Amino acid sequence: MPEEFLVARNLHKSFNGNNAVNGVSFSIHKGEVFGLLGPNGAGKTTTIRMLTTVLEPDRGDIEIGGHSVRQDAEGVRALIGVCPQELALYVELSAMDNLVFFGRMVGLNGKEAKAQAMSHLDLMGLADRAKGKVDKFSGGMKRRVNLAIALMGHPQFLFLDESTVGVDPQSRNNIYETIEGLRDEGMTILYTTHYMDEADRLCDRVAIMDEGVIIAMDTPHALKSQIGNPNQVTLEDVFLKLTGRTLRD
Amino acid sequence: MEQLSHIWFFALKDLKIFFKDRIALLFSLLFPFMFIMLFFFLNIDGAAADPRLELHLVTQEAVGGISHQIIGAMETKDESLLQPGEAVVVWDKDYNEAVRAVEEGELKGFLAFPEDFTEGVLMGFGTRLEVVTDPEATYTRAALSGMAQSIASQVGAYQVVNSTIVGLLVGQEVNSPGDMVDIGQIMQQLYSRQGGDETGETFIEFETDKVGDIEAESPSNYVVPGYLVMFVFFAAALSAEMIVRERENHTLERLLASSVKRSSIIGGIYLGTAIRGLIQIALFLGVGMLALDMDFGRSPGAVILLSVLMVLMSSAFGIMLATLVKTQRSASALGVLVSLAIAPLGGCWWPLFITPRWMQFMAKVTPHGWATTGFNKLMVFGGDFSSAVPEMVALACFGLAFAVVAVLRFRSSASS
Ligand SMILES: Nc1ncnc2c1ncn2[C@@H]1O[C@H](COP(=O)(O)OP(=O)(O)OP(=O)(O)O)[C@@H](O)[C@H]1O
Ligand SMILES: [Mg+2]
């Protein structure tokens with residue numbers, strides 16, 4: 001039995017009486033890439049915000065690396081890196097300045113922050129644009145900066161909320177490779193995406209969420225096997241079968 | 001320790017953004033100067049057309065009183081010996097006649113010694129100098145008040161209190177001693193700490209030089225501080241936007257998830273705003289001094305301290321505003337609105353000492369009013385450090401009050 005790095009128990013969160021997350025439990029092993037899938041409004045981002053200590057759950061508890069989010073949020077924060085769904089950076093500053101700033105905010109000294117910033121920008125194929133103002137970057141480049149920031153301080157647990165949205169195939173490939181590289185280095189990753197092929201390729205296990213609850217959780221292979229020959233059906237088929245074809249808000 | 005470094009790096013980040021933002025730079029650093037220049041040149045024209053300023057002195061004392069000696073020493077005997085720009089000091093003999101002359105507009109104003117001046121000074125129970133002016137007569141009023149203050153401090157006498165009457169109100173004021181006593185009492189309290197009866201002989205050596213300086217030859221002495229107060233406050237109020245922007249930018253979320261405390265973020269914004277404000281005042285005062293011939297008065301240290309307090313107070317206001325609003329739009333709208341409404345009320349657009357009494361009273365409700373009064377005391381009326389202490393204390397209190405509201409609001413909103 002591999003070590004459980006993250007345990008979420010019975011999470012609830014409602015906004016103005018609307019249940020965004022309605023009793024979610026799962027655990028993620030150390031070194032695993034875990035996919036959280038689901039249609040728009042399923043509650044993925046809300047779940048991530050609770051896991052990353054930004055939002056307090058109405059009910060339920062979370063432990064990451066043995067630290068309880070409720071009792072020891074600081075302990076949790078020291079372990080995690082977050083790449084939010086929305087771009088979370090200062091477009092007025094250069095890519096380098098952004099990375100160095102957030103690096104210093106996670107406690108790196110000036111030298112470390114600069115060195116890490118440079119290596120992460122290099123990883124993201126942005127080394128030659130390090131001094132460029134983020135404002136002037138393309139959507140894909142901004143996404144890559146957004147991800148690079150999350151890597152500052154070498155977190156043990158990385159949360160990636162739709163990191164590849166609005167990104168061209170080249171950039172997306174770059175991000176895939178980065179994630180695979182990080183996984184190979186032993187980083188634990190929680191990943192959300194609307195691209196099922198992406199989840200199939202990257203994730204060791206996926207949970208499919210709908211309307212605030214998890215409706216299926218297993219390896220992509222096992223999920224596909226449930227509805228047919230895993231070499232013929234896709235994860236998207238599984239997804240549509242489980243969540244239906246009605247449009248979400 | 002970690003929190004302090006968070007605050008510092010946050011402030012640095014904000015400053016970096018500020019210096020990259022041409023519009024913000026233009027607005028907070030260049031724009032104010034255009035205003036000042038405009039006002040300055042308009043005023044210079046008016047001032048240049050004005051011939052030598054006449055300052056009238058009157059005493060109600062019987063012959064032989066100290067006031068007769070003081071006026072005698074100050075009176076201009078030979079106008080041809082005066083320096084350019086120096087005021088003519090005229091000895092008027094009849095108090096009632098002088099009051100009438102101000103009321104009828106024949107005289108811009110005068111400084112009067114009371115009947116019991118000598119007694120008050122020598123017995124140590126205090127006395128009062130009175131400045132009676134036409135409200136329109138800015139320079140005369142400034143000069144006479146300066147002279148009164150100067151006499152008060154030189155006659156060894158913090159017991160000498162000066163009170164000011166605006167000409168148009170002269171009728172009632174003279175007949176309602178109650179009001180005068182109140183002002184007298186307040187002033188007395190302010191000065192009582194330095195009390196003592198050091199009735200020196202210094203008054204004989206009274207020099208008119210100071211009065212010459214005070215003859216507001218450079219309107220920048222009150223124009224620059226007025227705009228300084230307005231623009232520093234304005235810029236700080238707009239910093240309310242920054243914290244809302246962190247939220248809307250999602251950087252707040254990112255920071256919170258990386259164990260940066262909300263209080264560090266608030267502290268960082270405060271520090272960044274304050275540093276920007278300090279840069280503003282350094283620029284203002286520097287340019288005012290070098291290019292506009294501004295005079296810091298007798299206590300440049302007090303001018304600087306007052307400016308710094310003003311910056312700290314304004315930054316606290318910005319933070320308070322930030323905790324009260326939800327969106328970037330409402331933050332900037334409210335910032336602009338409040339700053340523009342308070343500025344004229346607080347004497348940033350015209351000197352308070354030319355406004356009617358009710359306006360001067362209203363100004364006390366605004367931090368701007370205290371700040372401009374303080375600057376005027378120091379730079380127009382020739383007051384010393386201690387004369388601006390009440391204004392410094394008031395600014396500190398305003399700043400503290402804003403900060404307390406901000407912290408309370410912040411605590412209650414931090415959980416949501
Ligand atoms: N701060 C908030 N205030 C009110 N409602 C919210 C808030 N955040 C989320 N919601 C609601 O909670 C539900 C779940 O939203 P959430 O963002 O978690 O979905 P998601 O699965 O991330 O969707 P998407 O794939 O579109 O990003 C939605 O109905 C959303 O409108
Ligand atoms: Mg989402």
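Because only heavy atoms are used, hydrogens play no part in the values below, and waters and symmetry mates are left out as well, while side chains stay in. Chain letters run A, B, ... following the sequence lines, proteins first and then strands; every chain starts at 1. Predicted model only: the values in this text are computed from it and were never measured.
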Over 12 non-hydrogen atoms of neighbours within 6.0 angstrom of [atom1] in [X]:
| X | atom1 | result |
| --- | --- | --- |
| A:Arg59 | CZ | no |
| A:Lys114 | NZ | no |
| A:Arg129 | CZ | no |

Among [options], which residue has the highest count of heavy-atom pairs closer than 4.5 Å to chain B?
| options | result |
| --- | --- |
| A:Asn98, A:Val76, A:Thr53, A:Asp97 | A:Asp97 |
| A:Met152, A:Met105, A:Lys133, A:Glu74 | A:Met105 |
| A:Val106, A:Ile80, A:Leu89, A:Thr52 | A:Leu89 |

Return the option, out of [options], with the maximum number of heavy-atom pairs under 4.5 Å with chain A.
| options | answer |
| --- | --- |
| B:Lys13, B:Glu246, B:Lys16 | B:Lys13 |
| B:Asp21, B:Asn249, B:Thr251 | B:Thr251 |
| B:His6, B:His250, B:Arg254 | B:Arg254 |
| B:Ile17, B:Val260, B:Leu256 | B:Ile17 |

message = Just so I know, are the side chains of B:Arg409 and B:Met320 near enough to count as touching, which here means a heavy-atom distance under 4.5 Å?
response =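 Answer no - side chains too far apart.
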query = Just checking, A:Lys30 and A:Phe5: is the charged tip under 6.0 Å from the six-membered ring centre and within 45° of the axis?
reply =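 Yes, cation above the ring, under 6.0 Å and within 45°.
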query = Can the positive tip of A:Arg205 be found less than 6.0 Å from the middle of the six-membered ring of A:Phe26, inside 45° of the ring normal?
reply =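 Cation-pi check for A:Arg205 and A:Phe26: fails.
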Part of [X] lying under 4.5 Å from any heavy atom of chain B:
| X | value |
| --- | --- |
| A:Ala78 | neither |
| A:Asp135 | neither |
| A:Val54 | side chain |
| A:Leu55 | neither |
| A:Phe159 | neither |

ask   = Do you see a donor-acceptor pair shorter than 3.5 Å between the side chains of A:Arg144 and A:Ser171?
value =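 Side chains of A:Arg144 and A:Ser171: pair found under 3.5 Å.
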Main-chain N/O of B:Ala236 paired with B:Ser315 side-chain donor or acceptor, under 3.5 Å =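 No, the answer is negative, given that no donor and acceptor are paired below the 3.5 Å cut-off.
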